[in-house]
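Notes for the one structure printed next.
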Protein chains: 2
Amino acid sequence: MQRACRSCSLHELCLPLGVSDTDIDLLEKIVHRSRPLPRGKYLFREGDPFTSIFVARSGAVKSFTVGQDGSEQIIGFHLPGELLGLDGLTQGVHAASARTLETVSVCEVPFERLEETARQVPALQHQLLRLMSREITKREEQLLSLGKQAPERRLAVLLLSLSVRFSQRGYSATRFLLPMARIDIANFLGLAAETVSRLLRRLQDTQVLAIDGRAVDILNLPELRALAGAEPEEPAREACR
Amino acid sequence: MQRACRSCSLHELCLPLGVSDTDIDLLEKIVHRSRPLPRGKYLFREGDPFTSIFVARSGAVKSFTVGQDGSEQIIGFHLPGELLGLDGLTQGVHAASARTLETVSVCEVPFERLEETARQVPALQHQLLRLMSREITKREEQLLSLGKQAPERRLAVLLLSLSVRFSQRGYSATRFLLPMARIDIANFLGLAAETVSRLLRRLQDTQVLAIDGRAVDILNLPELRALAGAEPEEPAREACR
DNA sequence: CGACCACTTGATCCCTATCAAAAGATGTGG
DNA sequence: CCACATCTTTTGATAGGGATCAAGTGGTCG
């Protein structure tokens with residue numbers, strides 16, 4: 001248990017990257033590892049005082065804000081090793097809520113103590129800054145995808161993003177289970193659930209992927225990449241003219 | 001010149017916030033202050049090696065990526081005191097380009113030396129982390145606005161954001177000059193330039209604001225706030241039914 | 001003064017949201 | 001283990017809004 005971070009399979013994606021074994025000891029001392037949380041539980045809520053950041057060891061989490069009409073606005077999906085809650089530091093309260101999409105094991109890292117430790121361990125400071133930078137980059141990519149791309153491309157970008165992230169975590173890049181419902185995908189992409197359903201149908205009809213419920217099988221990865229933005233206009237669409 | 005940061009009017013918005021006068025000396029030693037850059041110059045380009053972050057002392061900057069068809073995809077507009085280039089740390093190269101929208105005076109902060117100094121000065125480390133957190137929050141807000149809101153609301157959100165940011169910098173919250181062209185606004189909001197033009201017309205027709213070229217005068221700030229998202233549905237629209 | 005942009009205004013078409021309904025999945029209690 | 005209720009997903013039909021195409025206006029800089 002004391003060597004938790006060192007033996008964690010997410011070592012290379014998470015805070016310990018680049019930190020020496022002896023320094024990881026310092027990090028491990030401040031990390032709280034909780035028991036598994038069932039689906040639908042909150043890690044934190046919008047407006048809660050910001051004291052810690054969180055990382056899932058296993059299981060996916062969604063983050064979202066709630067409009068005054070009560071509707072969820074999904075900001076992102078977080079796989080194991082991806083930091084959660086960093087947006088709370090600015091205001092001192094969490095800017096979004098985070099809820100588990102499935103059974104999730106989380107690590108909680110008290111932020112003040114992390115800051116202290118980072119001062120003593122340059123490599124940890126650097127990795128923390130790098131991970132924050134990654135969060136910025138990630139949101140910029142989302143911004144480009146959501147703000148300016150066609151619905152089909154947005155969906156392709158999301159599927160590809162999941163594919164890449166699953167493969168970084170040692171899972172198949174072409175066969176995986178979606179951790180979220182269609183309606184969550186739609187909400188995240190700024191589309192109607194019906195549109196997502198129809199887009200997925202089209203992707204199946206064109207042999208790009210096969211879907212059974214939440215099980216995705218990417219049959220034509222190059223084509224999915226193309227749809228996600230490799231070239232300006234979709235190439236194979238004779239039937240539409 | 002040596003006391004540049006301390007006497008800077010952006011003191012409260014920028015890296016020095018919360019740092020003691022003696023420690024600001026350490027920061028000032030590593031900051032390069034350039035002569036004013038004319039409109040249309042690059043601070044850095046996508047793919048450039050990441051070595052520094054930038055802050056404008058005066059003048060606005062846009063950041064954007066370029067699709068392989070050569071089209072700009074504007075990610076954000078940056079007013080004085082807002083950090084630029086933090087998204088480059090993850091990959092070691094800048095994730096976007098930054099170009100001046102008008103004459104701009106910039107400070108360049110070499111990142112490695114900033115990291116070192118932050119280790120020695122806890123308040124600086126904290127403020128750096130806070131500012132990175134703000135960049136994350138800012139992009140999340142953009143994400144919510146761009147991804148899920150109606151065009152009219154997106155525009156209202158942008159105008160309101162500029163209003164708030166100008167007033168934080170000591171300018172009027174209701175009368176200001178847009179630093180960017182309509183086409184940039186459209187690109188940023190994921191809309192056609194024609195749509196932006198029509199939306200602005202509607203906002204003028206409803207007495208929410210007056211526009212002459214790039215000069216904006218917000219006549220009805222509460223209504224603009226309402227349009228930007230205070231309540232689920234727009235309230236005063238009898239003429240449309 | 002003319003050329004080049006940025007901006008505005010108008011007309012049309014396509015795409016996606018919306019409404020509606022059915023089919024499928026999930027879970028609960030009898 | 002089944003029957004029922006609820007929720008998710010799919011499919012269909014319709015209408016509206018914004019992109020696009022097109023033309024015209026206005027401003028700026030040489």
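With sequence neighbours excluded, the residues forming a salt bridge (Lys or Arg N to Asp or Glu O under 4.0 Å) with A:Glu140 are B:Arg139, listed by chain and number.
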| Where along nucleotides 16-25 of chain D does protein come under 4.0 Å, by heavy atom, of base (B) or sugar-phosphate alone (S), with - for untouched nucleotides? | --SSBBB---
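Within a 6.0 Å radius of CG in B:Leu221, other residues, nucleotides and ligands contribute more than 12 heavy atoms.
As rounded to whole Å, 8 Å separates atom P of C:dC7 from atom CD1 of B:Ile185. With rounding to whole Å, B:Arg182 atom CZ is found 12 Å from C:dA6 atom P. Rounded to whole Å, atom P of C:dT8 lies 12 Å from atom CD1 of B:Ile183. In this structure, the CZ atom of B:Arg214 is 19 Å from the P atom of D:dG26, given to the nearest Å. Nucleotide C:dC5 holds its P atom 13 Å from the CZ atom of B:Arg39, rounded to whole Å. Across the protein-nucleic acid pair, B:Asp184 atom CG and C:dC5 atom P stand 15 Å apart, rounded to whole Å. With rounding to whole Å, A:Met180 atom CE is found 11 Å from D:dT9 atom P. One can place CG of B:Asp212 at 11 Å from C1' of D:dG26, the figure rounded to the nearest angstrom.
Among residue pairs with one or both ends in residues 71-84 of chain A, those qualifying as salt bridge (charged side-chain N to carboxylate O under 4.0 Å, His left out) are A:Lys62-A:Glu72, A:Glu72-A:Arg99, A:Glu82-A:Lys138, A:Glu82-A:Arg165, A:Glu82-A:Arg169; sequence neighbours excluded. Sorted by first and then second residue, the salt bridge (charged side-chain N to carboxylate O under 4.0 Å, His left out) pairs involving residues 208-221 of chain A (not counting sequence neighbours) are A:Arg175-A:Asp217.
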Please list, one pair per line, the donor and acceptor atoms closer than 3.5 Å that link side chains of residues 43-57 of chain A to other protein atoms, with sequence neighbours excluded.
from	atom 1	to	atom 2	distance (Å)
A:Glu46	OE1	A:Val66	N	3.2
A:Asp48	OD2	A:Arg45	N	2.8
A:Ser52	OG	A:Glu108	OE2	2.9
A:Arg57	NH1	A:Val106	O	3.1
A:Arg57	NH2	A:Ser34	O	3.3

Show me the donor-acceptor pairs within less than 3.5 Å that the side chains of residues 190-198 of chain B make with the rest of the protein, sequence neighbours left out.
none

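In the set C:dT8, D:dT10, D:dT11, C:dT8 carries the atom at the smallest distance from any side-chain atom of B:Ser197.
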